Structures are given as structure tokens and as C-alpha cells.
Amino acid sequence: MLTAVLLFLPLAAALLLLVVKGAAARALAFGASLLEFAIAAYAAFDFTRHGSASFNLNYNWIPSAGINFHIGLDGLSLLMVLLTTFLVPLILLSAFKRDYDNPSTFYALVLFMQTGLLGVFVSLDAFLFYFFWEVALIPIYLLAGAWGGERRIAVTLKFFLYTVVGSLLMLAGFVYLYLQTGPAAGSLAQHSSELTAFYNLKLSASEQSWLFWLIFAAFAVKMPIFPFHTWQPDTYTEAPAPATMLLSGIMLKMGIYGTMRWLLPVVPLGVSQWQKPVIILSVIGIIYGAIIAIRQRDVKRLIAYSSLSHVGLMAAGVFSLTQIGLQGAVVQMLAHGVNVVGMFFIADAIERRTGTRFIPDLGGLTRRTPVLSVCFLIMLLSTVALPLTGGFVGEFLLLAGVYQYNAWVGAVAGLTIIFSAVYLLRMFQRVMLGPDSSFSETITDLTGGELLVLVPLIALVFWIGLFPNTFLHISEPAVTNLLTLVGR
Amino acid sequence: MTSIILLSVFGILNLFLGFLRSNKVLLPGAMLLLLAVFGANFADWNVAHAPYFNHMLVVDNYTVAFTGIVLLTTILLLPFSRSYVTSGEPNLAEYYALLLFSLVGAIMMIGYDHLLMLFVGIEILSISMYVLAGSSKRDSRSNEAALKYFLMGAFATGILLFGIALLYGATGTFALSQLGAAVASPANASLQPMLYIGILMMIIGIGFKVSAAPFHFWTPDVYEGTPTFFTAFMSTVVKTAGFAAFLKLLAVALPAAQGFWMPTIQAMCALTLLLGNVGAAAQTNTKRMLAYSSVSHAGYLLIGLVASKGILTGDAASGIFFYSLAYSIATVAAFGVLKLVAEHRQEDRYSGLNGLGKTNPLLAFSMTVAMLSLAGIPLTGGFFGKFFLLAAAVGQGYIGLVVFAVIMSMVGLYYYLRPIIAMYMQPAPEGATPVPVDGIQTVTLVVLALLSIALGVVPGFMSGIL
């Protein structure tokens with residue numbers, strides 16, 4: 001029941017926002033998202049106390065087809081839900097900083113998006129999962145398309161078509177799996193789309209081989225994995241900052257999460273067959289993203305390519321199929337979510353003050369903005385994976401996992417840390433330090449409202465960096481279970 | 001049966017109401033009448049009636065379900081004829097009467113148990129539509145549409161009639177229930193060429209009515225020229241009734257000739273999907289895009305016919321029902337919004353929708369839901385419509401056709417997004433004023449959007465009912 005409340009509260013708030021306008025709209029949106037976080041925190045508290053999955057809800061959604069509205073939380077889902085509910089209030093706060101046209105619709109779409117994202121993370125039925133997977137796309141498309149930059153229309157159209165094509169392939173795969181299942185106990189329908197029914201299927205290796213790519217297509221586009229990434233930098237750059245944060249902070253994790261829950265255990269033979277090519281693609285993505293990031297002159301675009309590079313490492317960790325790699329991916333999903341949202345927030349803060357994101361136009365900002373510089377540096381160092389920060393724990397575990405799979409691949413993947421230090425510190429040096437620009441004297445430091453966004457993010461960066469066990473502990477049973485299913 | 005009687009009586013009454021010259025009474029009157037008929041229709045649900053008039057008509061759940069769709073569509077469409085009321089259109093009573101009569105034709109096409117009834121039903125429906133296509137007398141495009149529709153339609157009905165005659169020649173009966181056995185009977189084997197030519201001609205005749213390729217060429221021109229209100233009726237009621245008739249013909253009379261018609265329908269299906277979607281993607285005019293999109297939806301419904309494998313109940317039939325319902329609701333909303341906007345802004349290209357999200361959020365929202373439903377995106381009825389039909393086809397092993405349909409629906413996404421892009425992502429034209437929408441239209445648009453979403457969120461109440 002709690003999961004259902006968690007799922008539908010943002011939707012209800014979004015619907016209310018269609019009629020509530022003005023200052024009340026902000027209060028409503030922010031209040032709803034905070035309440036949402038409180039519920040998720042309670043769920044996490046309850047989870048750690050009992051140490052087991054809970055909050056199941058199973059309702060017979062389409063009886064004639066055996067499709068159920070089955071939602072629940074295990075450790076993995078719970079962490080994703082926590083990340084989503086933690087980030088959405090902060091993203092809303094950052095949206096309050098700008099005067100968007102039609103603000104209440106903007107907030108409504110963000111909350112609507114939250115329902116879609118949470119739905120993806122809690123679904124235990126294939127069609128429900130697909131349903132929410134697509135539902136999450138509609139608000140983000142409208143957000144990016146209606147409030148984005150100059151080239152928004154072409155860019156978001158490409159994004160939409162790209163992701164929908166991927167999802168349709170996944171749906172095709174799901175339909176095939178669905179038709180292989182037998183009826184669930186006590187059901188009138190001939191087939192079942194339950195996750196457990198998919199886990200119990202006995203498919204031949206050749207079937208799994210092509211099913212792997214059908215299902216993986218959706219996840220590969222969403223993450224994105226090289227060479228399915230071409231929509232990503234443009235969309236990140238053109239979308240308004242809050243939408244970019246949603247895309248990179250949470251939506252990207254849908255791909256990793258989906259791989260872990262709906263791909264690895266469903267077609268384990270297909271996974272072992274394609275493990276090597278996928279890891280190689282991921283590592284190519286790491287290097288490719290990093291090299292292109294070095295050449296970028298737009299702050300937002302640079303962060304977009306940096307995100308591409310980091311997600312490659314997460315994918316490689318997941319496909320290493322080791323306990324440590326998967327755990328690393330879980331922690332890194334949290335850390336990367338926090339880092340990338342912080343980075344985009346700071347990029348937006350600078351753009352709001354100076355009106356530009358173009359690196360050569362900026363420089364010497366740090367003198368007037370000590371607080372901003374410190375926050376920027378912390379977020380940046382966490383992205384570079386400096387010890388003490390969340391990024392370090394995540395990347396260290398991931399690299400350990402990849403290294404276990406193959407030492408050479410691990411060594412190449414390890415370049416990610418060196419590369420990201422190169423392009424991020426270079427950017428910091430040119431934007432914040434370096435010779436003075438026309439903005440050096442006039443720029444103002446962070447306001448209290450902006451710190452309200454950054455302080456929780458920074459706190460979490462250190463929390464993950466210093467006490468990763470809080471989170472590793474929650475996800476461990478789920479990851480172990482996952483690996484047993486893969487190894488069967 | 002009650003619905004046919006009530007609609008005929010009301011149609012005639014409506015003609016007389018025209019003498020009163022009181023357009024204000026007509027619209028609410030017609031809506032109430034239709035609501036009454038809609039309610040009365042469901043009195044026959046799960047009631048076993050003997051066929052009427054010596055096996056001419058049969059009222060079973062199949063008839064009731066599809067009749068429900070055409071009645072609901074018409075009820076939800078009527079509020080958009082409001083501008084005829086306010087502009088003092090002198091022939092409004094006749095328009096409504098013709099709509100009611102064409103509904104009678106549609107119901108006869110759905111409930112026929114005898115080929116003669118099928119023919120009479122198609123004629124009643126079509127002749128009303130020829131007149132209504134040309135109802136905008138002073139508009140040359142409307143005249144062109146009526147003439148084109150009439151000439152092509154007359155040919156198609158002629159061919160249909162030939163087909164019926166040949167079928168009769170080969171089997172010696174018009175009655176659907178006896179045709180099934182007669183077609184299967186080995187005694188008629190020597191007459192097979194005649195039978196096959198007859199079936200082919202009937203497929204051509206009905207294929208024309210539901211605008212399935214390669215008999216769809218009239219669709220874009222006729223849809224564009226016909227007044228939008230009647231275009232909406234054409235693309236929903238005519239198509240729903242046409243497919244109900246098509247499925248019944250193939251499933252009750254011709255299951256034994258499957259080996260002949262199955263490849264034909266499959267080829268038509270692939271061609272319809274291809275030409276409909278590619279044609280729609282090339283349009284710049286919203287109305288023409290919707291015309292081609294209605295061709296493409298005929299293609300998806302044809303998949304249902306393939307998957308039915310000549311059975312009138314089960315997954316495929318239920319899928320066709322669900323799809324027709326979701327498609328009709330979305331199409332009414334799309335044409336309704338288009339009519340209101342195009343009348344106000346005098347522009348029916350995509351650019352006519354520019355900035356609608358700002359000036360009329362409700363219209364834009366309604367149109368968005370309709371487009372997403374037609375594109376088959378989850379959260380809307382269109383998704384489950386496609387899902388049920390394609391799953392039924394996969395279940396029967398038509399993987400190739402389904403893969404093709406999925407590829408074509410990706411093309412569909414491209415053109416269904418274009419109105420959404422225009423409404424939300426393009427600025428409104430200089431000095432654009434909000435499109436005037438009256439109370440009942442507002443309610444109808446909300447109901448249409450809610451119905452689309454309800455079908456997409458809780459499809460269980462309408463799925464698997466046949």
C-alpha cells in the first residue's frame with residue numbers, strides 16, 4: 001500500500017497543479033516532493049529494521065491477459081526510489097530559480113515524471129514496467145521540447161524517436177517472453193507477464209541470444225551506451241537545467257536498473273554470450289566520451305560527455321557479473337546521480353549570472369564567489385572519484401569488478417579517472433581561475449536558496465564516501481539474489 | 001433492434017423539426033435522443049435473441065458492442081457541430097437526420113445476417129455520407145469531395161454487388177449462417193473459380209469503404225474537402241462499421257475459404273500500413289495527415305482480421321473491438337480540436353496549431369492525448385489497442401507482419417508528434433486570440449481525454465469482452 005501511495009502522490013500533486021497557480025503552486029510542488037521523500041525515507045528505515053523486501057501490492061490489472069499491477073520494493077528498488085525522491089525536491093528548488101513560462105505546468109510535468117520514474121523502479125510485471133518506462137518519456141519530452149534552447153525541436157524529436165524505437169524493441173522481446181509463459185496459479189489467462197514467470201522460463205541459448213539485443217536495445221539507448229548515445233549530448237545541452245538533471249540524474253539510471261532486473265536474470269545465457277562485446281562497447285564509450293569532453297567549450301556539453309564516459313564504466317561493472325561490480329554500480333548510480341545534478345546545477349547558476357556557458361568567455365570567477373567555487377570543486381572532485389567522496393567508492397568498486405572480469409579491460413577502464421581529472425580540472429581552471437573575464441568583478445556568490453540545493457547534495461557526497469555501507473547493506477541481498485539467478 | 005427502430009423514428013422526427021427553424025433545440029435534442037438509444041442498446045447485452053426477419057439481422061453481443069462504439073462516437077462528436085447552430089445553418093435538421101439514418105445503416109452493417117442486409121446497410125450509410133460530404137455547398141472543395149466520393153463509392157458498391165451475386169451463384173444462398181457450410185461443402189468444389197472471384201470482389205468493395213490500400217486513393221482528397229465535422233464521422237463510424245462487417249463476413253461466411261483470402265488480406269494489410277504511414281509522414285496539413293493516418297489504422301485493424309483466422313470471438317475480435325473504440329475516441333478528439341482551431345484561425349496546416357498550448361491549454365491537452373493514443377504510446381487506449389491486436393497476431397504466428405507493423409508505428413510517431421510540437425514548442429502567431437470553446441464542448445473534450453486515458457490505464461473493463 002505504501003508503494004502505491006509513493007507512486008501516486010506525485011501524480012495527484014501534478015493534477016492539482018493544473019488548477020493551482022502562482023506561489024501556491026511552488027509550495028504544493030515542493031511540499032509534495034518533500035512528503036514523498038519522507039515516505040521513501042520511512043520505507044528505507046522500515047527496510048533496514050526488518051532486513052527484507054516489503055510493501056508488495058498485487059492487483060489484477062487486465063484479467064483476460066494475465067497482466068498484473070504488481071509493485072514492490074527490494075533493496076535495489078529501494079535505493080533507486082530513495083535517489084529519485086531525494087533529487088526531485090532539489091530539482092524543483094533549482095527550477096524555482098528561473099522564471100519559466102507557465103511555471104505550474106513545468107512543476108506538474110516534473111512530478112508526473114517522478115511517478116513514471118518511480119513506477120519503473122517498483123514494477124514487478126513486465127508490461128507494467130514497460131508502461132511506466134514509456135510514461136516517463138512523455139513529460140521529459142515536453143519539458144525539454146517546450147522549455148529548451150534554440151535547437152530544441154529537432155533535438156528532442158531525435159531523442160523521442162531514438163528512445164521509443166529502443167523501447168518498442170524491448171516490448172517485442174517482452175511479448176515473446178510473455179507468450180512462452182504458462183498461466184499463473186489461479187489465473188484465467190493463458191500467460192503471465194510477472195517478473196518471476198520470466199525468471200522461471202527455460203529458453204534455449206539461441207533464443208536468448210537475440211532476445212538479449214531486443215531487450216537491451218531499450219536500456220542501451222537510455223543509458224546511453226556507445227554507439228547508441230548520439231541523442232544524448234544534444235538533448236542534455238538543449239534541455240532546460242531541471243530537465244537535464246532529471247535526464248542525467250535519474251532517467252539514465254533507468255537503463256542500468258533495467259539491465260540489472262529485466263535483462264541479466266531473464267536471459268542469462270544471452271548475457272554470457274554477449275558479455276564481452278558489451279563490455280568492450282562500454283569501455284569504448286568511456287574513452288570516447290572522455291576524449292570528446294576534453295575538446296568541449298560549452299560547460300553543459302562537457303558535463304554531458306563526462307556523464308557518457310562515467311555511465312560506460314557503470315555498464316562495464318554491471319556486465320562484469322561480479323558481486324563487487326554490481327554493488328559498485330549501485331553505489332555509483334547514487335553517487336553519479338548526486339554529482340551530475342550538482343554539476344548541472346552549478347553550471348546553471350553560472351549561466352544565470354553571466355548569461356553564457358561558453359568556457360572561453362568565462363574566467364577568474366572565483367575571487368567574488370568563494371562559496372560557489374568550493375561547492376563546484378567538491379562536486380567536481382567527487383566526479384573525478386577522489387577518496388572521501390561518493391564517486392571514489394562507486395568507481396573503485398566498479399573498477400575492481402571489471403578487473404576481476406579481465407585485468408586488461410580493467411586497466412583501460414581505469415583511464416576514466418585520469419581522463420576525468422584532465423577535462424574537469426581543466427574546465428575548473430579556465431572557468432573559475434585563469435585570467436579575469438568581463439564577469440570577474442560583477443558576479444555574485446551563491447544565495448542561501450541555492451545553498452539549500454547544494455548542501456544536501458554535498459552532504460550525500462560525503463555520506464556515500466565515508467559510510468558506503470549504509471547503502472551497500474541495503475542492496476546486498478538483492479544483488480546476491482540477482483547473481484544466483486544469473487548463474488543458474 | 002430497438003436502436004434501429006428508435007434511430008429511424010428519430011431521424012424522421014428530426015426532419016419535421018426542421019420546420020420549426022429552431023436550431024437551438026436540435027443539438028441538445030439530438031444528443032439526448034442518441035443517449036437514450038445508447039442506453040437502450042445495452043438492454044440486449046447477453047440476451048439471446050432469435051435472428052430477426054428470417055435471418056436478416058441478428059442481435060448478439062457482437063452487434064451490441066460495435067453498435068455501442070458507433071453510437072458513443074456520434075454522441076461525443078455532436079457538440080462540435082455547434083458552429084452550425086450559431087451560424088444559423090438552414091439545413092441543420094437535415095444534417096442530423098442524415099447522420100441518424102447513416103447510423104441505422106452502420107448498425108445494419110454490424111448486425112447483418114444476410115448479404116442483402118449488408119448491401120442495404122452499406123448503401124444507407126454511404127448515400128447519407130455522399131450528401132454530407134458535399135454539405136458545404138458554396139465551397140468548391142466540398143463539392144469536389146462529394147463528387148469524388150460518390151463516383152468512387154458507386155463503383156465500389158457495384159463491385160461489391162457483383163461479388164455478392166457471384167457468391168450466390170457459387171453457393172445458392174445469401175444467408176450468412178448457411179454460406180459457411182456451403183462454402184465448405186465439397187459439392188460446390190467445381191464452382192470454386194466463381195466463388196473466389198466473388199470473394200475478391202467483396203473484399204474490394206468493403207476494402208474501399210474502410211479505405212484499405214490499394215483502394216484508399218479517394219481518402220485524402222475526400223477527407224480534406226468534406227466539412228471537418230463530417231470527416232470525423234466518416235473516419236470513425238464508417239470505419240468501425242466497415243470492420244465489424246468485414247470481420248463477420250470472413251469469420252462467419254468464409255472461414256472455409258481462408259486459404260484464399262488470408263494471403264490477400266495479409267498483402268492488403270502490409271500495403272495499407274506502408275502507404276498510410278509513409279503518406280501521412282509526407283503531409284503538412286493536419287487534416288490530410290489525419291486522413292492518411294486513418295488509412296494506416298485500417299492497416300492495424302486488418303492485422304486483427306488476419307489474426308482472427310476466421311473466428312468471430314476471442315482475442316482478435318476483442319482486439320478489433322478495443323482498437324476501434326480507442327481509435328474512434330482519439331479521432332473524434334483530434335478532428336474536434338482541429339475543427340474548432342481551423343474555424344477560428346482559418347488554417348488547417350500544422351502551423352495553424354502553433355502556440356495552442358498557450359492560448360488554449362485544454363484544446364492542446366486534448367489533442368496531445370489524442371495524438372499519443374493514435375501513436376500508441378502507453379497511458380492511452382491506443383497503446384492497448386495495438387498491444388492486443390499485435391499480441392493476438394504473434395499468438396497466431398504472424399511474426400513478420402507484426403514486425404512490419406511495429407516498424408510502421410515508429411514512422412507513425414514522427415507525424416503524430418508534429419501537432420504536439422506545433423502546439424507546445426512553436427510560438428503562437430502574432431495577436432493570436434484564444435479559440436472560443438463553449439461549455440458543452442469543454443465537457444466533451446475532457447470526457448474524450450479521460451476516456452482515452454481510462455482505456456490506457458484500466459483497459460481491463462473493455463478488453464476480452466467478445
Side-chain angles (χ1 to χ4, degrees), chain A residues 11 18 59-69 101-102 105 109 112 115-116 119 127-139 141-148 152-154 156-158 160-169 171-172 174-176 178-179 188-191 193, chain B residues 314-315 318-319 322 355 357-358 361-362 364-365 368-369 371-372 375-380 383-384 386-388 390-397 399 402-403 405-414 416-418 420-427 456-466:
Chain A
L11 185 66
L18 295 178
Y59 163 76
N60 207 339
W61 191 26
I62 309 173
S64 62
I67 297 174
N68 292 336
F69 188 91
D101 278 356
N102 245 328
T105 315
L109 286 172
F112 181 36
T115 290
F127 291 115
L128 193 65
F129 174 78
Y130 173 78
F131 183 82
F132 282 119
W133 181 271
E134 292 288 53
V135 163
L137 182 62
I138 299 168
Y141 169 68
L142 290 174
L143 279 172
W147 283 274
R152 64 187 188 278
I153 293 179
T156 49
L157 186 67
K158 181 178 177 188
F160 193 92
L161 293 180
Y162 228 113
T163 42
V164 168
V165 169
S167 329
L168 280 174
L169 294 174
L171 179 64
F174 280 172
V175 169
Y176 184 86
Y178 164 76
L179 290 170
L188 296 173
Q190 290 166 354
H191 306 290
S193 54
Chain B
D315 287 351
S318 298
F322 194 97
K358 285 247 172 53
L362 175 72
F365 175 72
T368 306
V369 173
M371 287 298 126
L372 294 178
I377 301 286
L379 208 65
T380 58
F383 166 68
F384 279 107
K386 281 209 177 70
F387 174 70
F388 290 140
L390 297 185
V394 173
Q396 297 291 342
I399 310 271
V402 170
V403 169
V406 169
I407 293 171
M408 283 298 128
S409 74
M410 294 173 188
V411 178
L413 274 173
Y414 166 73
Y416 287 124
L417 281 180
R418 299 197 49 184
I420 300 181
I421 290 173
M423 290 187 299
Y424 290 106
M425 302 175 194
Q426 302 281 10
V457 175
V458 278
F461 77 109
M462 277 290 139
S463 68
I465 64 168
L466 288 178

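No experiment lies behind these values; they were computed from the predicted model shown. Each chain gets a letter, A, B and so on, in the order its sequence line appears, and its residues count up from 1.
- Residue contact with chain B, scored on non-hydrogen atoms closer than 4.5 Å, involves the side chain of A/F160 exclusively.
- The greatest number of non-hydrogen atom pairs below 4.5 Å with chain B, out of A/L168, A/L137, A/N102, A/L169, is found for A/L168.
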Is there a side-chain contact (heavy atoms from CB on, under 4.5 Å) between A/Y141 and B/I421 once you walk through the steps?
CA-CA 10 Å; A/Y141 169 68; B/I421 290 173; 3.2 Å; yes
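- Top candidate by heavy-atom pairs under 4.5 Å with chain A, chosen from B/I420, B/L417, B/T368, B/D315, is B/L417.
- Residues B/Q426 and A/R152 share a closest heavy-atom pair of N-NH2, 4.5 Å.
- Listed here is the closest heavy atom pair of B/G395 and A/L179: N-CD1, 4.0 Å.
- Of the possible donor and acceptor atoms, none in the side chain of A/W61 sits under 3.5 Å from a partner among the backbone N and O of B/P459.
- The candidate with the highest count of non-hydrogen atom pairs below 4.5 Å against chain B, out of A/W147, A/Y176, A/F127, is A/F127.
- Heavy-atom distances place no part of A/A172 under 4.5 Å from chain B, backbone and side chain included.
- Between the OG atom in A/S64 and the CZ atom in B/F388 there is a gap of 5.5 Å [rounded to 0.5 Å].
- Taking the six-membered ring for Trp and thresholds of 30 and 60 degrees, B/F387 and A/Y178 have ring planes inclined between 30 and 60 degrees apart.
- With sequence neighbours left out, the side-chain contact (heavy atoms from CB on, under 4.5 Å) criterion links B/L466 to B/Y62, B/A65, B/F66, B/A317, B/S318, B/F321.
- In this structure, B/F383 has its ring center under 6.0 Å from that of A/Y130.
- Among residues two or more places apart in sequence or in another chain, the side-chain contact (heavy atoms from CB on, under 4.5 Å) test is passed with B/A375 by B/I377, B/L413, B/Y416.
- Only the side chain of B/L372 comes within contact range of chain A, judged by heavy atoms closer than 4.5 Å.
- Considering CD1 of A/I138 and OG1 of B/T380, their distance stands at 7.0 Å, rounded to 0.5 Å.
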The test is side-chain contact (heavy atoms from CB on, under 4.5 Å); show your working for A/L18 and B/F365 and say whether it passes.
CA-CA 11 Å; A/L18 295 178; B/F365 175 72; 5.8 Å; no
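- Shown here for A/V165 and B/M410, the closest heavy-atom pair between the two residues is CG2-SD, 3.5 Å.
- Neither the backbone nor the side chain of A/N60 comes within less than 4.5 Å of any heavy atom in chain B.
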